[in-house]
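Residues: numbered from 1 along the sequence shown. Scope of the values below: all heavy atoms of this structure, side chains included, with no hydrogens, waters or symmetry mates.
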Amino acid sequence: MTEGLRYAYAVVRDTGTPEAALDALTALEEVRGVAGEPVRAVRHLGLAVLAGAVPAEDFDEGPLRRRLEDMAWLEDMARAHQRVVDTAGAESCVIPVRLATVCQGEEGLRRMLATGRERFASALDRLEGRVEWGVKAYAAPPPPQEPPAGAANGPDSPGASDSPDSPDAPGAMSGRDYLRRRKAQRQAAERRWGDTEEDARLVHHTLSGLAERARLHPPQDPRLSGVSDRNVLNAAYLVRREDSAAFAERVGELAGRTPELRVELTGPWAPYSFTDPDETESADETTAPHQTGSAGADR
């Protein structure tokens, strides 16, 4: 069946072999798409798009727009989309297609390949044999502070009937001392944040030297990531497959040398962050972690 809606996942090079022999499809034999559908290849002009048939009641323009406002549904769809792309990309070079790209039948998929042929072919040439690694660094929470002098005479302690602010209260802290202590705490916190951001810059600079390209994404919103620690580095690195083990080992070494940071490594992924040359930075052109500008996927 060639009509109906088709959900596109990724573009690969058409090697001219029978469909069953495509590495990407072989890897996807046990994987289902966003609607639980099998993934097939549609070929055109030396390229092939990995896609699956999806129901109109969920993926036609109007229903899809409403569905995308359902965060739980959107998360499930994004995970299924990524699962297909990353499974296919484990064995061959794939160019991920934007989330929720739906075409009218196989003819619509062929039009997509024809329209983007030059861009897809260029990206496949640039990214052959490369994978993306993600590195996030979080500022480790500060150690618990020692209670100030006189804390034992707080309102819940024995013999604390006098107000702690009263000059007659034993061990009470004056207003001036309190403000001085608060100022010192703020200054210490600012120094700590400065140190962690400098450490994050060092991590990024070091890893950029091991990658062909690097891209900085904005810090993750804790409301979306569920991580309360401050995200001071959110970066992607384009690495040759054969260099991946050395890259991962170096990340581990850097994590051990920067106790103020909690460093997380994810991947290897399909090169989501590097498919568009206009949105790709070379390793020596990246900016400091707090000066990023382009949104990135949560990987």
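Ion pairing of E37 with R32 is absent here, as no side-chain N (NZ or NE/NH1/NH2) approaches a carboxylate O to less than 4.0 Å. With salt bridges taken as basic N to acidic carboxylate O contacts below 4.0 Å, none links E106 and R43.
Closest of all the heavy-atom pairs between L127 and F274 is CD1-O, 3.7 Å. V84 approaches G33 most closely through the heavy-atom pair CG2-CA, 4.0 Å. Heavy atoms only, all atoms of each residue included: L99 and A78 are closest at CD1-CA, 3.8 Å. In terms of heavy-atom proximity, V85 sits nearest to V94 at O-CG2, 3.9 Å. A pairwise comparison of heavy atoms in A235 and L216 identifies CB-CD2, 3.9 Å as the closest pair. Across H217 and A236, no two heavy atoms sit closer than the pair NE2-CB, 4.0 Å.
Checked against ring pair (Phe, Tyr, Trp, His ring centres under 6.0 Å), H44 has no partners two or more places apart in sequence or in another chain. E75 meets the salt bridge (charged side-chain N to carboxylate O under 4.0 Å, His left out) test with R79; sequence neighbours excluded.
Residue pairs satisfying the ring pair (Phe, Tyr, Trp, His ring centres under 6.0 Å) criterion with at least one member in residues 62-94, sequence neighbours excluded, are listed as follows: Y7-H81, Y9-H81, F59-W73. Residue pairs meeting the ring pair (Phe, Tyr, Trp, His ring centres under 6.0 Å) criterion with at least one partner in residues 113-132, sequence neighbours excluded, are absent.
Remark: the backbone N or O of R241 is paired with a side-chain donor or acceptor of S244 at under 3.5 angstrom. Side-chain atoms of D70 come within 3.5 Å of backbone N or O of A72 as a donor-acceptor pair. In terms of modelled atom types and a separation under 3.5 Å, the side chain of T115 and the main chain of M112 share no donor-acceptor contact. Side-chain atoms of Q82 never come within 3.5 Å of backbone atoms of A80 as a donor-acceptor pair (strictly under, hydrogens ignored). Using a distance-only test at 3.5 Å, with no hydrogens or angles considered, a donor-acceptor pair links the side chain of T206 to the main chain of L202. In terms of modelled atom types and a separation under 3.5 Å, the side chain of R13 and the main chain of C93 share no donor-acceptor contact.
Using a 4.5 Å cut-off on side-chain heavy atoms (C-beta onward), R6 and E107 make no contact. Contact check for R201 versus L233: no side-chain heavy atoms found under the 4.5 Å cut-off. Between R130 and P271, the closest side-chain pair of non-hydrogen atoms is not below 4.5 Å. Put simply, the side chain of D58 does not reach to within 4.5 Å of the side chain of L64, judged on heavy atoms. When side chains are defined from C-beta on, P63 does not count as touching E57, because their heavy atoms never get closer than 4.5 Å. For the pair N234 and P219, the minimum side-chain heavy-atom distance is 4.5 Å or more. M77 places a side-chain heavy atom less than 4.5 Å from the side chain of L68. In this structure, L5 and Q104 have side chains that are in contact, with non-hydrogen atoms separated by less than 4.5 Å.
Interatomic distance, D76 CG to M71 CE, rounded to the nearest 0.5 Å: 11.0 Å. One distance of note links CG of L238 with CZ of R126; it measures 8.5 Å at 0.5 Å rounding. Separating the CZ atom in R240 from the CD atom in E128 is a distance of 10.0 Å, to the nearest 0.5 Å. I95 contributes atom CD1, which lies 9.0 Å from atom CZ of R119 (distance to the nearest 0.5 angstrom). Taking CG of L210 as the start and CG of D243 as the end, the distance is 8.5 Å to the nearest 0.5 Å. To the nearest 0.5 angstrom, R215 atom CZ is 7.0 Å from S273 atom OG.
Summarising the local packing, CD of E242 is surrounded by more than 12 heavy atoms from other residues, nucleotides or ligands at distances under 6.0 Å.
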- Task: For the pair V135 and E264, evaluate side chain to side chain contact (heavy atoms under 4.5 Å, CB included) and give the outcome as yes or no after the intermediate values.
- Result: CA-CA 6 Å; V135 176; E264 292 183 356; over 6 Å; no
- Task: Take H204 and Y237 through the ring pair (Phe, Tyr, Trp, His ring centres under 6.0 Å) test and state the conclusion after the steps.
- Result: CA-CA 9 Å; H204 178 60; Y237 302 92; 5.6 Å; yes
- For side chain to side chain contact (heavy atoms under 4.5 Å, CB included), just list the numbers for E212 and V239, CA-CA rounded to whole Å, side-chain angles, deciding distance to a tenth of an Å, and then say yes or no. CA-CA 6 Å; E212 290 193 350; V239 179; over 6 Å; no
In a table with atom names and distances, give each donor-acceptor pair under 3.5 Å that connects a side chain of residues 45-54 to protein atoms at least two apart or in another chain.
none

Exercise answer: donor-acceptor pairs, residues 245-255 side-chain atoms, under 3.5 Å, sequence neighbours excluded:
unit_1: R250; atom_1: NH1; unit_2: E253; atom_2: OE1; d: 2.9

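Side-chain polar atoms of T266 and W133 form no donor-acceptor pair below 3.5 angstrom.
Cation-pi geometry between R262 and Y138 is met: the NZ or CZ atom falls under 6.0 Å from the ring centre, inside 45° of the normal.
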